[in-house]
Amino acid sequence: MSSEGTVRNGSGDTIKMELLDILKGEYINPHVSIWYYRLDNIEEVGNPDMWIKANPNLGKTVSYETYQLDVERAEKAPAVRNDILAKRFGIPMEGFTYYFTYEETLPHSKKDFWGMPCALGVDLSQGDDFCAFTFLFPLPNGEFGIKTRSYISEFTLQKLPTAMRFKYDEFLREGSLMVMEGTILDMMAVYEDVDNHINNANYDVRCLGFDPYNAKEFVERWQAENGPYGIVKVIQGAKTESVPLGELKKLAEERRLLFDEDLMTFAMGNSITLEDTNGNRKLYKKRHEAKIDNVAAMMDAFIAYKHNKEAFE
């Protein structure tokens, strides 16, 4: 028996991969007999009579109640669902999980980072969608201050369903969301507003992390006006995102991401990651109505900060 797990590591796991190769007929070893304990499909999770297939010690070294509690937890806590299905029932999982718990998305008390050094993360979009900017302020004791500023067009605001419009009105009142005139966002108008905001707040932006999608015009002007130093292109994908997402998750768990805006709470609450069987994660951006752009921008800022730590010393 071996946990399928969502992470490929450990000597037991290596042995299991070899045994699976034998079962698949990828190489022949007639001296090995294999008993493979697991459920055949995910529908069997809801049938306690099937659980014995995944663990012959059920009812002896581990109780049915323990399994039942884990099944209920998998239903109530999507973030741990993949691990439970893999480790209790041997079902290898690749799927979507909400990344931050409710407690991790609760805003902190109001904070002001006037005049402080920061990294800026930029997640731009097509002209009729969200443009997100997240300012990341390294603080003592390993904490990070977070401030956001995002942009939509007047046309996009008018198209929102009523319930979502109420939510966006909250962001407008708190000053984290700006509405620009017209149907399509003018990236140079967005640039000038962000630049004015940085000057008014006296933020000391020391590096810039950006998703290259639709960012060429904005980044070229930033480089022309601020110089090429500290600009980091963040390519999307599990290879780039998995490690910084894991580190941001730990900071969120320890309540070391100090944000005080409802827009950041909204983005974190919407954040879903796609996790493969190697435990690598990437942000899932395809749900058009559930914005996570400021979390993506926070990740871009965090990656830029890690590449330019000497600028903050």
Side-chain angles (χ1 to χ4, degrees), residues 97 99-100 104-105 113 116-125 130-150 190-191 194 198 203-223 226-259 261 263-264 267-268 270-276 278-286 291-313:
T97 55
Y99 200 51
F100 298 102
E104 292 162 7
T105 68
F113 303 109
M116 296 182 64
C118 65
L120 173 58
V122 179
D123 191 81
L124 302 181
S125 70
F130 229 73
C131 282
F133 299 84
T134 300
F135 298 89
L136 184 81
F137 301 86
L139 303 173
N141 304 320
E143 295 179 327
F144 291 90
I146 306 287
K147 288 290 185 180
T148 64
R149 193 168 182 87
S150 292
V190 169
Y191 181 97
V194 171
I198 291 170
Y203 292 159
D204 179 7
V205 180
R206 299 190 178 180
C207 58
L208 175 83
F210 70 97
D211 170 359
Y213 182 73
N214 204 42
K216 184 173 183 285
E217 192 180 10
F218 186 97
V219 173
E220 283 180 349
R221 181 167 175 185
W222 180 275
Q223 182 170 324
N226 299 281
Y229 179 78
I231 298 177
V232 178
K233 180 167 70 173
V234 181
I235 304 295
Q236 292 184 346
K239 184 176 180 181
T240 306
E241 298 180 30
S242 194
V243 171
L245 277 175
E247 292 171 340
L248 287 169
K249 172 67 172 174
K250 288 176 184 175
L251 289 167
E253 286 174 354
E254 296 174 7
R255 300 290 283 161
R256 293 190 170 207
L257 297 177
L258 308 183
F259 56 93
E261 294 163 321
L263 180 53
M264 197 65 196
M268 289 178 72
N270 287 330
S271 291
I272 286 177
T273 56
L274 173 61
E275 182 176 348
D276 63 25
N278 292 318
N280 297 314
R281 294 186 179 95
K282 66 177 180 179
L283 284 171
Y284 181 67
K285 285 187 167 184
K286 293 184 179 177
K291 294 302 172 191
I292 66 166
D293 304 64
N294 283 99
V295 170
M298 175 175 68
M299 180 184 68
D300 295 341
F302 187 65
I303 290 171
Y305 161 74
K306 289 180 67 178
H307 277 76
N308 295 278
K309 278 188 177 180
E310 71 282 355
F312 294 87
E313 292 174 355

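All values reported here derive from a predicted model rather than from experimental measurement.
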Enquirer: Evaluate the criterion side chain to side chain contact (heavy atoms under 4.5 Å, CB included) for residue pair L120 and Y203; output intermediate values, then yes/no.
Expert: CA-CA 10 Å; L120 173 58; Y203 292 159; over 6 Å; no

Enquirer: Working to the nearest 0.5 Å, report the span between CD1 of I292 and CG of L283.
Expert: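 So the gap between those two atoms works out to 4.5 Å.
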
Enquirer: With distance as the sole test, does K249 use its side chain to make a donor-acceptor pair with the main-chain N or O of Y99 at under 3.5 Å?
Expert: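 Here the side-chain-to-backbone pair exists.
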
Enquirer: Does the side chain of P138 come within less than 4.5 Å of Y305's, by heavy atoms?
Expert: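 Heavy-atom side-chain distance check passes, below 4.5 Å.
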
Enquirer: What are the two closest heavy atoms between I235 and P212, and how far apart are they?
Expert: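 Shortest heavy-atom contact: CD1-CG, 4.0 Å.
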
Enquirer: With sequence neighbours left out, which residue pairs that include part of residues 302-311 fulfil the salt bridge (charged side-chain N to carboxylate O under 4.0 Å, His left out) condition?
Expert: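 Checked against salt bridge (charged side-chain N to carboxylate O under 4.0 Å, His left out) - neighbours excluded - the pairs reaching residues 302-311 are E247-K306.
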
Enquirer: Holding to side chain to side chain contact (heavy atoms under 4.5 Å, CB included), I want the full list of residues that pass it with E254, two or more places apart in sequence or in another chain.
Expert: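 Applying side chain to side chain contact (heavy atoms under 4.5 Å, CB included) to E254 gives R256.
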
Enquirer: Decide yes or no on side chain to side chain contact (heavy atoms under 4.5 Å, CB included) for M298 and F144, but give the supporting numbers first.
Expert: CA-CA 11 Å; M298 175 175 68; F144 291 90; over 6 Å; no

Enquirer: Which heavy atom in M299 sits nearest to a heavy atom in L248, and how many Å separate them?
Expert: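 Distance-wise, the nearest heavy atoms are CA-CD1, 3.8 Å.
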
Enquirer: Among pairs that include at least one residue of residues 130-148, which meet salt bridge (charged side-chain N to carboxylate O under 4.0 Å, His left out), considering only residues two or more places apart or in two chains?
Expert: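 Checked against salt bridge (charged side-chain N to carboxylate O under 4.0 Å, His left out) - neighbours excluded - the pairs reaching residues 130-148 are K147-D260.
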
Enquirer: What is the distance from atom CD1 of I303 to atom CG of N308, rounded to the nearest 0.5 Å?
Expert: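 Between atom CD1 of I303 and atom CG of N308 there are 12.0 Å.
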
Enquirer: Using 0.5 Å steps for rounding, measure from the CZ atom of F302 to the CG atom of L245.
Expert: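 Interatomic distance, F302 CZ to L245 CG, rounded to 0.5 Å: 10.0 Å.
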
Enquirer: Is there a side chain to side chain contact (heavy atoms under 4.5 Å, CB included) between E104 and E253 once you walk through the steps?
Expert: CA-CA 6 Å; E104 292 162 7; E253 286 174 354; 3.0 Å; yes

Enquirer: Give a yes or no answer on whether the side chain of T273 reaches the backbone of K282 with a donor-acceptor pair at less than 3.5 Å.
Expert: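 No, the answer is negative, given that no donor and acceptor are paired below the 3.5 Å cut-off.
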
Enquirer: Please find the pair of heavy atoms, one from D300 and one from G121, that lie closest to each other, and give the distance.
Expert: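 That would be CB-CA, 4.1 Å.
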
Enquirer: With no hydrogens and no angle check, is any side-chain donor or acceptor of D211 less than 3.5 Å from a backbone partner on D123?
Expert: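 Checking the backbone N and O of D123 against the side chain of D211, no donor-acceptor pair under 3.5 Å is found.
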
Enquirer: So which atom in A297 and which in V122 form the shortest heavy-atom distance, rounded to 0.1 Å?
Expert: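 The answer is CB-N, 4.3 Å.
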
Enquirer: Report yes if some heavy atom in the side chain of C118 is under 4.5 Å from a heavy atom in the side chain of V205; otherwise report no.
Expert: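 Side chain of C118 against side chain of V205, heavy atoms only: contact under 4.5 Å found.
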
Enquirer: Indicate yes or no for a side-chain donor-acceptor contact from R206 to the backbone of A311 under 3.5 Å, with no hydrogens or angles considered.
Expert: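 Between the backbone of A311 and the side chain of R206 there is a qualifying donor-acceptor contact (under 3.5 Å).
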
Enquirer: If the plane angle is over 60° it's perpendicular, under 30° parallel, otherwise tilted; pick one for F218 and F133.
Expert: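 It falls in the tilted class, 30° to 60°.
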
Enquirer: Please report the closest heavy-atom contact between C207 and G230, naming both atoms and the distance.
Expert: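 In terms of heavy atoms, the two residues are closest at CB-O, 3.2 Å.
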
Enquirer: Distance check, rounded to the nearest 0.5 Å: M268 atom CE versus F100 atom CZ?
Expert: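 Reported value, rounded in 0.5 Å steps: 4.0 Å.
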
Enquirer: Report the residue from T134, T148, N270 that forms a side chain to side chain donor-acceptor pair (under 3.5 Å) with N294.
Expert: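 By the side chain to side chain donor-acceptor pair (under 3.5 Å) criterion, N294 pairs with just one of T134, T148, N270: T134.
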
Enquirer: Is there a side chain to side chain contact (heavy atoms under 4.5 Å, CB included) between L263 and S150? Walk through the geometry before answering.
Expert: CA-CA 9 Å; L263 180 53; S150 292; 3.7 Å; yes

Enquirer: Testing the basics here: between F137 and I146, what is the closest heavy-atom pair and its distance to 0.1 Å?
Expert: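 The pair with the smallest heavy-atom distance is CD1-N, 4.4 Å.
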
Enquirer: How long is the straight-line distance from CE of M116 back to CZ of F312, given to the nearest 0.5 Å?
Expert: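 Those atoms lie 10.5 Å apart.
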
